[in-house]
Amino acid sequence: MRIATWNVNSLKARLPRVEEWIEYAQPDVLCLQETKLADKAFPAMAFSALGYESAHHGQGQWNGVAILSRVGIEDVTSGFGDAFIDPYEGDARVISATCSGVRVVSVYVPNGREVPSDFYDRKLVWFERLSEWIDATCTPSDQLVILGDFNVAPEDRDVWSMDSFEGSTHVTGPERAAITTLEEWGLEDAFRRIYPDTDHLFSYWDYRRGDFHQGRGMRIDLVLATASVADHVTWALVDRNARKGTQPSDHAPVIIDVDL
DNA sequence: ATGGTAGAAAATCTA
């Protein structure tokens with residue numbers, strides 16, 4: 001089973017590239033973030049033509065998450081549910097579905113903007129809600145994958161230069177602690193199964209200053225999986241080719257293969 | 001002192 005995640009930074013602007021990528025990468029399940037579409041504008045037919053069922057949780061101008069699957073898509077839910085107060089209420093940042101027995105959660109974690117700021121504080125609360133919601137609705141023995149744009153670089157080796165991120169979001173102790181909390185619950189950075197010792201495996205590069213070509217990136221797109229999935233990862237890749245060429249997203253897709 | 005680019009949308013906001 002091939003599972004992938006890609007922050008496409010506007011599915012409207014990126015649809016031709018996403019279609020092209022699906023055709024050569026052949027994911028069984030693809031999670032998208034930042035579709036920036038209302039549900040009624042989501043191009044379900046384009047994906048259907050490629051053999052994929054899909055579910056989208058959008059709001060329009062910003063955010064928006066989706067799951068595409070060619071191995072079934074059942075029990076779709078969006079958001080955290082009524083029992084959890086979302087500090088980014090109204091934002092479309094979470095969608096879940098069961099695909100061939102695996103519970104898949106596509107997440108777009110709030111950026112946080114500045115440290116300190118109200119946006120940063122609410123990012124940390126959002127992570128608390130995510131953990132609480134997972135604990136209430138899943139168990140570590142489930143086949144569960146939570147993947148997407150976490151807007152956190154888990155370790156120093158996941159950014160091109162720690163000096164350049166001094167005082168910035170994405171690398172602070174509390175943000176990294178939020179990832180650790182998820183790991184302590186029973187989720188694992190599945191990508192690291194394949195690359196335990198490789199630094200600078202970036203998935204995002206700012207559009208500005210030629211950051212991609214200068215190698216100035218961050219690994220913020222993560223695949224967190226429970227042991228029953230992570231134990232069976234056979235291959236993983238950040239597809240940097242998808243960050244090249246005309247009109248790329250500022251993120252590259254991250255792919256894992258699992259032999260379940 | 002706050003750059004640089006891309007995408008939303010229609011003046012700026014978000015990343």
Side-chain angles (χ1 to χ4, degrees), chain A residues 5-21 31-43 46 56-66 86-94 106-127 130 147-154 158-172 174-176 178-179 202-222 238-254:
Chain A
T5 181
W6 194 5
N7 179 324
V8 294
N9 185 22
S10 171
L11 186 55
K12 183 181 176 186
R14 215 69 60 209
L15 184 59
R17 291 200 57 141
V18 173
E19 290 175 309
E20 175 191 42
W21 188 82
C31 293
L32 302 177
Q33 299 86 36
E34 283 207 87
T35 61
K36 297 184 176 178
L37 291 175
D39 287 333
K40 63 175 184 249
F42 182 76
H56 180 246
H57 177 43
Q59 66 181 95
Q61 186 175 7
W62 289 306
N63 310 308
V65 285
D86 186 338
Y88 277 85
E89 183 66 48
D91 283 9
R93 296 182 176 277
V94 179
S106 177
V107 299
Y108 177 45
V109 176
N111 174 285
R113 299 193 190 182
E114 306 284 338
V115 189
S117 71
D118 168 66
F119 295 94
Y120 172 75
D121 291 343
R122 286 191 285 127
K123 178 181 189 177
L124 298 178
V125 175
W126 195 93
F127 266 122
L130 177 66
L147 64 169
D149 181 356
F150 281 76
N151 270 317
V152 177
D158 294 320
V159 299
W160 68 277
S161 156
M162 275 303 289
D163 287 344
S164 68
F165 288 100
E166 178 84 38
S168 299
T169 57
H170 296 61
V171 299
T172 68
E175 289 167 291
R176 287 175 170 176
I179 302 296
F202 306 138
S203 64
Y204 162 82
W205 301 258
D206 197 301
Y207 282 123
R208 296 169 286 190
R209 298 165 308 226
D211 274 9
F212 177 71
H213 296 286
Q214 297 296 326
R216 295 190 288 254
M218 314 175 79
R219 189 175 74 95
I220 58 177
D221 298 274
L222 308 178
V238 186
D239 187 4
R240 295 175 74 259
N241 284 327
R243 181 62 175 79
K244 301 175 182 173
T246 54
Q247 287 190 286
S249 170
D250 43 1
H251 294 251
V254 178

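Keep in mind that this is a model prediction, so the values were computed, not measured. Reckoned from all heavy atoms, side chains included, excluding hydrogens, waters and symmetry mates.
Residue A/Asn151 contributes atom CG, which lies 8 Å from atom P of B/dA15 at whole-angstrom precision. Going from atom CG of A/Asp250 over to atom C1' of B/dA15 covers 7 Å, rounded to whole Å. At whole-Å resolution of the value, CH2 in A/Trp205 and C1' in B/dG4 are 18 Å apart.
Closest to the side chain of A/Trp62, from the set B/dG7, B/dA15, B/dG4, is B/dG7. Side-chain proximity of A/Gln61 to the nucleotides B/dT5, B/dA8, B/dG3 is greatest for B/dA8. If you check B/dG7, B/dG4, B/dA8 against the side chain of A/Arg208, the one that comes closest is B/dG4.
Within residues 109-116 of chain A, the residues that place at least one heavy atom under 4.0 Å from DNA chain B are, in residue-number order, A/Asn111, A/Arg113.
Atom P of B/dA1 sits at a distance of 23 Å from the matching atom of B/dT12, rounded to the whole Å. Rounded to whole Å, the separation between the P atoms of B/dT2 and B/dA6 comes to 22 Å. Taking atom P in both B/dA8 and B/dG4, one finds a spacing of 22 Å when rounded to whole Å.
A/Arg243 meets the side chain to side chain donor-acceptor pair (under 3.5 Å) test with no other residue; sequence neighbours excluded.
Map A/Lys36 and A/Asp149 each onto its nearest nucleotide of DNA chain B; the residue landing nearer the 5' end is A/Lys36.
Using a 4.0 Å heavy-atom cutoff across all strands shown, A/Arg216 reaches no nucleic acid atom at all. The residue A/Tyr108 sits close only to the backbone: its heavy atoms come under 4.0 Å of sugar-phosphate atoms, none of a base.
By the 30° and 60° cut-offs, the orientation of the rings of A/His56 relative to A/Phe42 is parallel.
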